[in-house]
Each structure stands twice: as C-alpha cells, then as structure tokens.
There are 2 protein chains.
Amino acid sequence: MEVSAALNISSAEWQVMRVAWTLGQVSSQTVSDVLAEKMDWKAPTVKTLVGRLVKKGALTADRDGKRFLYRPVISEQQAMDTASEVFIEQLCQHKVGKTLLKMVQETTLSQADIAALIATLQEKQKTAPEAVSCNCVPDNCQCADGECNCK
Amino acid sequence: MEVSAALNISSAEWQVMRVAWTLGQVSSQTVSDVLAEKMDWKAPTVKTLVGRLVKKGALTADRDGKRFLYRPVISEQQAMDTASEVFIEQLCQHKVGKTLLKMVQETTLSQADIAALIATLQEKQKTAPEAVSCNCVPDNCQCADGECNCK
DNA sequence: TATTTAAGTTTACATTTGTAATCGATAAAT
DNA sequence: ATTTATCGATTACAAATGTAAACTTAAATA
C-alpha cells in the first residue's frame, strides 16, 4: 500500500498550483483568467490541469453553487521542499555544494534569507566533514584531487 | 533558428548521463552493467536512452571497432546549473530563500562548500534588499506581513 | 570463409504531459 | 417552467518518457 506517494506535479500543473497557493481558494474561472494572461492557455487547458490535480489529490474541490472552488491540499513550501529534495537527490552528492553555491549566486535573496542561511551554515560548519564523497557509480569518479572522498 | 536550446534531459536519461560524466567515455555495455545494478534496467532500456541522448545532442558517439564509445557533450556542472535554474525559476521568488535554506539544512556539505557559501552570502549581504517581492499571479500573494514587497 | 555474437536500430506499447475542442448537465435567470 | 449561460466531464491527440522485445548488421572468431 502506497504511503504518502509524494504526488507528482508536472510543470504545467505547477502553474495552476501557484495560482491556488496564491489565492488559497479558486474557481477554475479565476485560474483560467490568470493563466490565459500569464501562459496564454485556453480555458479547457486549465480545466484539464485542474481535473488532473484533483485526481492526483493536490487540490480539493468544494461545490459552490454551479461551480467548484479548489483548494491546495499541500502547502507551497511543502511542495517546494519536496521538489528540492527530488532535485537534489538526483545529483552527485559531491557536487551539490557547488550547485547550491551557483543557486545562491544567481538568486535574489533578502537580508533575512541571507542571515538565516549564514546562521545555518555557521552551525553546520561545526560538524561538517572535510569532503563529501560522491555517490556516482561506478566507483570511479573523476573528482578533482583530494576534493572528494571517492576512491 | 534555435540557439542553445538547453537540451532537455529526462530523469531516466539523467542516470545515463551520470555514468557518462563519471567515466568520461563509455560503451553502452558499460552503462548497461552499471545501471542494471543500480536501477535494475535491461540492456535494451539503456540502449534506448543512450540513443535518445545522442539524438538530443547530450552525448557524442565515436566508433570503436564493433561498438561506439559515448562522451558527454556538456559538463555535469553545467547541466546541474541549468537544471537548478529551471527549478528555481518555476518557484515564487519570494520563497526561494526559504527553499534554499531547506536545501542547505538537508544536505551534507563540506567545509569548503560551506566556506564558499558563507563568503558569497556575506558579499551578497552588502547589497541585498530588505525583501524580495514574490512574482505570483495574480498580485494577491498571502505572504506574511511585511516579509514581502508584494502588494 | 562461415558462424557466432555482441552492438546498434527498429518497433512496441503504456503512461504522462501539454494543449484543447466538444458535449452534457445544471444552476441561474427570465 | 423554460431557456441560457456556464461549469465540469468526456474525448482527442501529439509528443515525451519509461521500459523493453525483436531485428539487423557487422565484427570477431573458428
């Protein structure tokens, strides 16, 4: 029995979710209006995506007269965190650091974000290993000399 | 004419690329062996993926007697950076910071990684804005009070 | 040179995703 | 009560993806 099968939200569906997360509760009409503007999608396209999201359990539908109002089942932050995990997991663990660095470099962060990041990093520093071994297979990674625990 | 159409590598294909990145140059036989072990894939599955990657321009094939040797066209770091960008871009910009924080928290980082991150963050701190406005549509984001520039 | 065998190529096929038209039901308005 | 304007549901359909069998070709070997 599947327990918490991290519902898989596609890229197009993600757009719909963002509107739902933003408004908390939306009619398909509203989503259509927003995404007709932003993505140039036709109403039936949005309806299909909404339908798929309901089926996947990412949205719930509550009848409101003639129509339905849809609400996100999972929070945006939760979805983003799950997506991050999936993203990170598929990478060579040795190179995740460099990739996070790139992300930090390329992103606009607030003072608060930066402060939180620095604080967390300083904390991690206390127990961080010299090197993170890569988990590439076969065990023959060309990591630069000594940078990696791989052997 | 498409210039640098950030070749789109699927999740299964990514597994093949990782082996190619790790070894630099591989026969489909080798990839098969590795991924039969790691992913429990049959040889034909790997052959299909390799074929698709060659067609997509992610791998080049050089004849070596009976077989071919495949080499990655783009570097792993480059691919990871591109993937990061795509990933980040789809998120609410206001919440990227929290998501990066989560990633940092959940990941094992080396002393060097951490040092580099802190250095970069301290630099960014000098010019970082108080808040990053979210780019959710419609312009009605429920960001916590004052944390966001949205209005 | 004939045969074997291992590579690549072709074909297959279900599922997911992107994108949408059309149909049917029903609430709202007349 | 009937009409109508919407909604949601059904159907559509191509491309991408996951997964693999079958076929073909060419190299290696007997």
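Here is the naming used below: chain letters follow the sequence lines, and residue numbers restart at 1 for every chain. Predicted, not measured: the structure shown is a model, and the values here were computed from it.
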What is the distance, rounded to the nearest whole Å, between atom CG of A:Leu69 and atom P of D:dG8?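 A:Leu69 atom CG is separated from D:dG8 atom P by 9 Å.
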
Please report the distance, rounded to the nearest Å, between CD in B:Gln29 and C1' in C:dT5.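 Distance check: B:Gln29 CD to C:dT5 C1' gives 12 Å.
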
Looking only at D:dA9, C:dG8, D:dT19, the nucleotide nearest the A:Lys47 side chain is D:dA9

Counting only side-chain heavy atoms from C-beta out, which of D:dT19, C:dA20, C:dA6 sits nearest to A:Trp41?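 Nearest listed nucleotide: C:dA20.
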
Between C:dA7 and B:Tyr70, is there an OP1 or OP2 to side-chain N/O distance shorter than 4.0 Å?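 For C:dA7, neither OP1 nor OP2 has a side-chain N or O of B:Tyr70 closer than 4.0 Å.
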
When you measure from the side chain of B:Lys47 to the backbone N and O of B:Ser28, does any donor-acceptor pair fall under 3.5 Å?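 Not confirmed, B:Lys47 side chain does not pair with B:Ser28 backbone.
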
Taking only the side-chain heavy atoms of B:Ser10 (C-beta and beyond), determine which of D:dG18, C:dG8, D:dA12 contains the nearest atom.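 Closest nucleotide to the B:Ser10 side chain: D:dG18.
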
Distance in angstrom units between B:Arg67 CZ and C:dT9 C1', rounded: 18 Å

Rounded to the nearest angstrom, tell me the gap between atom CG in B:Leu53 and atom C1' in D:dT17. 12 Å

Within the structure shown, what part of the strands sits under 4.0 Å from B:Lys56 by heavy-atom distance: base, sugar-phosphate, or nothing? sugar-phosphate

Side-chain N or O of A:Thr45 versus OP1/OP2 of C:dA20: is the shortest distance under 4.0 Å? yes

For atom CE of A:Met17 and atom C1' of C:dT17, their distance in whole Å: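 About 17 Å, once rounded to whole Å.
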
With a sphere of 6.0 Å drawn around CD of B:Gln105, does it hold more than 12 non-hydrogen atoms of other residues, nucleotides or ligands?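 Count over threshold, so yes.
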
Value in whole Å for how far the P atom of C:dA20 lies from CG of A:Leu35: 12 Å

B:Glu37 atom CD: more than 12 heavy-atom contacts under 6.0 Å: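 No, CD of B:Glu37 has 12 or fewer neighbouring heavy atoms, counting only those of other groups under 6.0 Å.
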
Between NZ of B:Lys66 and C1' of C:dT5 the distance, given in whole Å, is 5 Å

To the side chain of B:Ser11, which of D:dG18, D:dA20, C:dA20 is closest? D:dG18

Is there a donor-acceptor pair under 3.5 Å between the side chain of B:Thr30 and the backbone N or O of B:Val26? no

What is the distance, to the nearest angstrom, from the CD1 atom on B:Ile9 to the P atom on D:dT17? 10 Å

Among C:dG18, C:dT19, D:dA21, find the nucleotide with the atom closest to the side chain of B:Lys42.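 Between C:dG18, C:dT19, D:dA21, the one nearest the side chain of B:Lys42 would be D:dA21.
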
DNA chain C nearest-nucleotide lookup for A:Arg63 and A:Asp40: closer to the 5′ end is A:Asp40

So which nucleotide from C:dT19, D:dT17, D:dG8 ends up closest to the side chain of A:Thr48?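 When the side chain of A:Thr48 is considered, C:dT19 is the closest of C:dT19, D:dT17, D:dG8.
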
Residue A:Arg52, side-chain heavy atoms: nucleotide from C:dA20, D:dA12, D:dT17 that is nearest: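 Side chain of A:Arg52 sits closest to D:dA12.
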
From the options D:dA21, C:dG8, C:dA20, select the nucleotide whose nearest atom is closest to the side chain of B:Pro44. D:dA21

Ion pair B:Lys95/A:Glu76, N-O distance below 4.0 Å: yes

